[in-house]
Q: 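The following block contains the structure, expressed as structure tokens.
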There are 2 protein chains.
Amino acid sequence: MSTAPPPSSTADQLPLRERKKLRTRQTLIDTALERFTTDGFDGTTLDRLCAAVEVSKRTFFRYFSSKEDVAMAPTQDLWTAFLDDLEIREPDHQTLLAMLQDTLLAALERMPDEGWAHRVLLSHRLTATTPSMDAHGLQFCDRTSRQAMTLLGRRFELADPQGLSSRLALDLLVAAFHRALERWAAEPGTPPARDDLAVHVRDAFAAIPGSLTLRVEPRSERR
Amino acid sequence: MSTAPPPSSTADQLPLRERKKLRTRQTLIDTALERFTTDGFDGTTLDRLCAAVEVSKRTFFRYFSSKEDVAMAPTQDLWTAFLDDLEIREPDHQTLLAMLQDTLLAALERMPDEGWAHRVLLSHRLTATTPSMDAHGLQFCDRTSRQAMTLLGRRFELADPQGLSSRLALDLLVAAFHRALERWAAEPGTPPARDDLAVHVRDAFAAIPGSLTLRVEPRSERR
DNA sequence: CCACATAGTGCCACTGAGTGGCATTAGCTT
DNA sequence: AAGCTAATGCCACTCAGTGGCACTATGTGG
């Protein structure tokens, strides 16, 4: 599934083998994002990508489950951190939705700032251009929220017999994150900062209540 | 894009050519759903599917954009009807979200009952089993809600400067529909009825407000 | 009734993603 | 240093999807 744990910040004293693996993985990710961005996703064949990294195609598929997968690694790392955090978190009398927001923001803070934001930005732009990447990204989020749902059910008392409301809360979390990412990526500022993304996440969550009460009027221009 | 209009109920006096095309399309859909269900998605090669329908592979791709696409046709028809309906609908002083719900239910009512529900059920089961179908399905919904968003912006005054809340309302619509589909498909009742699905849609929408206010408690079992 | 234009189709060859199997290498162990 | 095992490379294979061109059938004008 290629969901290798994100390179833990202070893990430089791993066995040589593991360090090498992490390095190969990271090189594949970086090179892939680079090539995909310059030559396009379809314009980059796996053969050439592998040749550039000097790795056999067979090996590529031992690290990533698909061509799309390699480009989604940065986002995957975030959600993996999210799930880890959710596993530990204590419910401090807040709303479920607020707790989810806090967990996401906490996970975000744990991402390595240098490089990560840039990778996510490239990755997101690719998903906006490449249908198959978009599809895989959405499916990954769906899978993650499913996992989160079982995790919630296991750890907490939800007072929600059918589980419908809590499941929708997770859907809202994913939706808010997507909107935040969208706005963040559209910002003119050249160096994309991780903390700016956090701001957009807060904005998106703040807009949720409005989405239930918003009313619509026909356009004022009558003809 | 293979988004052919759903076979309009009273369209039997089309030119011969068109009738033939519609028939081929429908045969492909039905046979595909059948084969995918019995032999599995991956277990069914396009070559064999095409052989069964007596159509060349080249022709298959003139009707559908991918192997996944053919199996998602039933759901696509629903969302196409949804967009059509949204184009006409007058905002009668309700909430945006309520309007979206009504539009979806109206579109649902316009689906041909015989066969359609069954096809959707098969299709949904396949998405639950086959990752690539799941991915394509999610992407289709995403694309549809994007279209709906531009449509809303064109037709209505949204009183939502950033458009964030209205976009989230669309996300909620999609989420609610997915949950409804999920529950509906899980129901024991053998003959899946279109109207049952409508009931689940109403349930899911009813659960939305709760998803904002739901609180979480730690599991009562202390050790 | 007979061309004629043209949409739709079949056929064939080709690219590229992804997989299975087995030999080989490189890191770890004692 | 010898041996064990995980990781890798290599090769051949399947199958989704595309491009190109020839062919057929439908609808149209003489």
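Below, chains carry the letters A, B, ... as their sequence lines are ordered, and counting in each starts from 1.
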Q: For residues 99-108 of chain A, which side-chain donor-acceptor pairs fall under 3.5 Å, sequence neighbours excluded?
A:
residue	atom	partner	partner atom	Å
A/T103	OG1	A/R89	NE	3.2
A/T103	OG1	A/M99	O	2.7

Q: What residues form a ring-ring contact (aromatic ring centres under 6.0 Å, His included) with B/F60, not counting sequence neighbours?
A: B/F64

Q: Between A/Y63 and D/dT8, is there a side-chain N or O to OP1/OP2 distance below 4.0 Å?
A: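 The answer is yes; a side-chain N or O of A/Y63 sits under 4.0 Å from OP1 or OP2.
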
Q: Using a 4.0 Å cut-off on protein heavy atoms (strictly under), produce a 5'-to-3' string for nucleotides 12-20 of chain C with B for base contact, S for backbone-only sugar-phosphate contact, and - for none.
A: ----SBBBB

Q: Side chain to side chain contact (heavy atoms under 4.5 Å, CB included) with A/R35: which residues, sequence neighbours excluded?
A: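 A/R35: side chain to side chain contact (heavy atoms under 4.5 Å, CB included) contacts with A/T31, A/D39, A/T44, A/A52.
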
Q: Once you round it to whole Å, what is the distance between C1' of D/dT8 and CZ of A/R23?
A: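 That distance rounds to 15 Å.
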
Q: Once you round it to whole Å, what is the distance between P of D/dT8 and NZ of A/K20?
A: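 About 9 Å, once rounded to whole Å.
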
Q: Expressed in angstrom and rounded to an integer, what is the separation of A/L28 atom CG from D/dA7 atom P?
A: 15 Å

Q: Could you go through B/D77 and B/R25, starting from their C-alpha distance and side-chain angles, then the distance that decides it, and tell me whether this counts as salt bridge (Lys or Arg N to Asp or Glu O under 4.0 Å)?
A: CA-CA 13 Å; B/D77 289 347; B/R25 183 185 139 89; 3.8 Å; yes

Q: Could you give the NZ-to-P distance, from A/K21 to D/dT8, as a whole number of Å?
A: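 These atoms are roughly 7 Å apart.
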
Q: Rounded to the Å, how far apart are B/R25 CZ and C/dT9 C1'?
A: 18 Å

Q: Please enumerate all residues that pass side chain to side chain contact (heavy atoms under 4.5 Å, CB included) together with B/T59, with sequence neighbours excluded.
A: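 With sequence neighbours excluded, B/T59 shows a side chain to side chain contact (heavy atoms under 4.5 Å, CB included) to B/V55, B/S56, B/R62, B/Y63, given in chain and number order.
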
Q: Between A/T59 and D/dG9, is there a contact of a side-chain N or O with OP1 or OP2 at under 4.0 Å?
A: yes

Q: Listing request: all ring pair (Phe, Tyr, Trp, His ring centres under 6.0 Å) pairs with a residue in residues 166-188 of chain B, at least two apart in sequence or in separate chains.
A: B/W79-B/F177

